[in-house]
Amino acid sequence: MTSSIEASAYLCGMMEKQVRVRFAPSPTGGLHLGGVRTALYNYLFAKKHGGTFILRIEDTDQGRYVEGAEQYIIDSLEWCGIGPDEGPHKGGSMGPYRQSERKERYLKHAEKLVADGVAYYAFDTTQELEEMREKFKSEQNPSPQYNASIRMEMKNSISLPPEEVEKLIIEGMPYVIRIKVPASTNVTLNDMIRGEVTFNTDQLDDKVLLKADGMPTYHLAVVVDDYEMKISHAFRGEEWLPSAPIHVLLWEYLGWKNDMPKWAHLPLILKPDGKGKLSKRDGDKLGFPVFAMDWKDPKTGETTKGFKKMGFLPEAFINMLALLGWNDGSNEEVADIVQLTERFTIERIHKGGAKFDFEKAKWFNGEWIKRSSDAYLLPLVKTILFEKGIQANDEKTLMLIGLVKERCQLLQDFHAQTSYFFESPKVIDSSSVKPKWDDKKNNFFTAWKKTIADLGEWTTEQIENSFKLDAGKHELKTGELQLPLRIMLVGGKFGPPVFEIAQNIGKEETIKRIEFGIKSINELS
RNA sequence: GGCCCGUUGGUCAAUCGGUUAAGACGCCUCCCUUUCACGGAGGAAUGAGGGGUUCGAUUCCCCUACGGGCUACCA
């Protein structure tokens, strides 16, 4: 395995530039499923090719900046086991990794674009822009664009005489810098997933590159940073495809065309029901998480539940995500990060969006719980139990994990599956045994609890033997007595073999629960 | 509205012109177990529609339909 990874890394290094990929979220809130998957594909690709995985924070929108979101993103990636090699928290040779800290660079490049005649200053106010859109709006064209056809009617350094432009700037009139998109030109880009995609520039508008506050928009920042950070392959969601030609144009205008990364526009993760891309609200509505970890909004104080808190193992979470939109063609679905890395290829990423299926996600988690060692699960299970008020020692917990883990899909299930080992059930499902309950059975349990009181050895075998012996004396089959016993000890129809449970909770507790059980069943009308 | 992307069972999906169209989740039946699971054996369920190309199309092309994305001084 290692050798194939090294080999491809070697080949890549020989024939192409060093693989450097980046995950570039904006710190506006919790990290969404789709974001984690994008990060994961970046990670897998980087590791497979011996490359570098970079985290870049796209915080150019001051209005949307949310305190704590950056740290949350970092924590989430770490939890998933896909921590970046370079980033604001780790440093690196091509930082800074926060766009807000690279402000001057964008300005410099934007000015150069203006000087080269491929961008221009625009002085239109928000109101004027609205008026323009209102004026040109029609049934055929509900959202008019700021482009070659109306550029001359607006207030910018192309339509205005140079003296006027100079005057406005000196007066301190706020302005933005817009790209000057050529008219009627085809722009083609080669996407690794979709192949060639062509756009006509008449459909594009003169996107703002530099905002009035001096910050770049995404369009400028992504190009400048990808260039300066020597990004070789750029993964991003499909929602970016329509603006990709703007980026291609910019790579060209900035004179960096030969260094442009290879693009891969990832399919979207869709809502399980209905249509559209999955959003935080869908999770709230449908009862499953959308964020990796719990996210507390600092403004509203509201907490949105994440996969971690929901009881997911990170291994299962990324395993499930990796296969949502990609597969290696084999029938093996459960794979760890190393195996995923070996098998990952961009060619096998799907073109179509995938609906998220929470049931399948839980199945992955169940598989991972079953495959995890008891020792690995120990601290996680202890935390779950502790939160429910159960303080368990390691030895006992370890034993219980082994006993019940195949019955758990979520970490939380360990509580329901083990709580009766720590405390007697508060309520028992008497109604399940009541219909078949009679004096014979009543007498049996009354007698057997006395028998076990005198039992010398409290082993599973001894308990079971005495149970069978007494059953015979009462002319009853052990089979029909096991369910009542289970209900008395566990409270419900679940859990490992009954005699093991009896053995574990001890003689006294067993007798106590039988007494309570008999009483409950008899009292049930 | 325009532009772009997409479309195999309920969901994730294999197939890279010739298959009885895999596999997984979920669902159903049975076995194991007189609990619940795990495990095992089965089952129901898929190529949006229409044209081409071809000896042969799920696979290639076109049209239609449907779905999605974008259309901000947000990313």
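Values below: all heavy atoms of this structure, side chains included; hydrogens, waters and symmetry mates excluded. Convention: sequence-line order gives letters A, B, ...; per-chain numbering from 1.
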Practice task
Please say whether the positively charged group of R151(A), taken as NZ for Lys or CZ for Arg, lies over the ring of Y146(A), i.e. under 6.0 angstrom from the six-membered ring centre and within 45 degrees of the axis.
Solution key: no
Handout entry: Geometric cation-pi criterion K360(A) and W363(A), 6.0 Å radius, 45° cone
Key =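 Verdict for W363(A): a cation-pi partner in K360(A).
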With rounding to whole Å, what would you report as the distance between [N] and [M] at their [atom1] atoms?
N      : M      : atom1 : answer
U20(B) : C63(B) : P     : 33 Å
C4(B)  : U11(B) : P     : 28 Å
C55(B) : G2(B)  : C1'   : 43 Å
C28(B) : U33(B) : P     : 22 Å
U7(B)  : G40(B) : C1'   : 36 Å
U59(B) : G51(B) : P     : 14 Å
G9(B)  : G52(B) : P     : 25 Å
G49(B) : A65(B) : C1'   : 7 Å

Distance in angstrom units between [X] [atom1] and [N] [atom2], rounded:
X       : N      : atom1 : atom2 : result
K355(A) : G26(B) : NZ    : P     : 19 Å
N200(A) : C3(B)  : CG    : P     : 10 Å
L270(A) : U11(B) : CG    : C1'   : 12 Å
D328(A) : C16(B) : CG    : P     : 15 Å
W363(A) : G23(B) : CH2   : C1'   : 10 Å
N319(A) : A24(B) : CG    : C1'   : 12 Å
K360(A) : G9(B)  : NZ    : P     : 15 Å
L278(A) : G67(B) : CG    : C1'   : 16 Å

Are the aromatic ring centres of [X] and [Y] under 6.0 angstrom apart?
X       : Y       : value
Y218(A) : H247(A) : yes
F364(A) : F317(A) : no
F291(A) : F307(A) : no

Handout entry: Presence of R348(A) side-chain N/O under 4.0 Å of U15(B) phosphate oxygens OP1/OP2
Key =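 For R348(A), the contact criterion (side-chain N or O under 4.0 Å from OP1 or OP2 of U15(B)) is met.
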Practice task
Indicate whether OP1 or OP2 belonging to A14(B) is found under 4.0 Å from a side-chain N or O atom of N327(A).
Solution key: yes
Exercise for the section: Starting from the 5' end of RNA chain B, give me the residue, E139(A) or V197(A), whose nearest nucleotide shows up first. Expected result: E139(A)
Handout entry: Nearest-nucleotide 5' precedence on RNA chain B, G329(A) against N141(A)
Key =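 Between the two, 5'-proximity favours N141(A).
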Exercise for the section: Check the side chains of T198(A) and N186(A) for a donor-acceptor pair under 3.5 angstrom, ignoring hydrogens and angles. Expected result: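 The answer is no; no qualifying pair exists.
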Practice task
Report yes or no: does K405(A) contribute a side-chain atom to a donor-acceptor pair with the main-chain N or O of S372(A) at less than 3.5 Å?
Solution key: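 Yes, the answer is positive, given that a donor and an acceptor are paired below the 3.5 Å cut-off.
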Exercise for the section: Starting from the C-alpha separation in whole Å, work towards a yes-or-no answer on ring-ring contact (aromatic ring centres under 6.0 Å, His included) for Y41(A) and F344(A). Expected result: CA-CA 8 Å; Y41(A) 287 0; F344(A) 187 75; 5.2 Å; yes
Exercise for the section: Name the nucleic acid region contacted by H350(A), choosing base, sugar-phosphate or nothing; use a 4.0 angstrom heavy-atom cut-off, strictly under. Expected result: sugar-phosphate
Exercise for the section: Using a 4.0 Å heavy-atom cut-off across all strands, classify G325(A) as base, sugar-phosphate, or nothing. Expected result: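 Sugar-phosphate, backbone atoms only, no base.
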Exercise for the section: Give me the ring orientation class for W448(A) and F444(A): parallel if the planes are under 30° apart, tilted from 30 to 60°, perpendicular past 60°. Expected result: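 Geometry flag for F444(A) against W448(A): parallel rings.
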Exercise for the section: Could you label the plane-to-plane angle of the F123(A) and Y121(A) rings as parallel, tilted or perpendicular, counting under 30° as parallel and over 60° as perpendicular? Expected result: tilted
Handout entry: Partner of D225(A) by salt bridge (Lys or Arg N to Asp or Glu O under 4.0 Å), out of R56(A), R98(A), R22(A)
Key = R56(A)
Handout entry: Letter per nucleotide, 5' to 3', of nucleotides 28-39 of chain B [B base touched, S only sugar-phosphate touched, - untouched; heavy atoms, 4.0 Å]
Key = ------BBBBSS
Problem - Under 4.0 Å protein heavy-atom contact, by nucleotide of nucleotides 69-75 of chain B - B base, S sugar-phosphate only - result: BSB-BBB
Fill in the blank from the handout: Exactly one candidate in N200(A), T201(A), D202(A) meets side-chain hydrogen bond (donor to acceptor under 3.5 Å, both in side chains) with S184(A); the answer is D202(A)
Practice task
Tell me the stems RNA chain B sits in, counting at least three consecutive Watson-Crick or G-U wobble pairs, each under 3.5 Å on both distances.
Solution key: B:1-7 with B:65-71, B:10-12 with B:23-25, B:27-31 with B:39-43, B:48-52 with B:60-64
Problem - Distance in Å, K434(A) NZ paired with D429(A) CG, rounded so as to fall on 0.5 Å steps - result: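 These two atoms lie 13.0 Å from each other.
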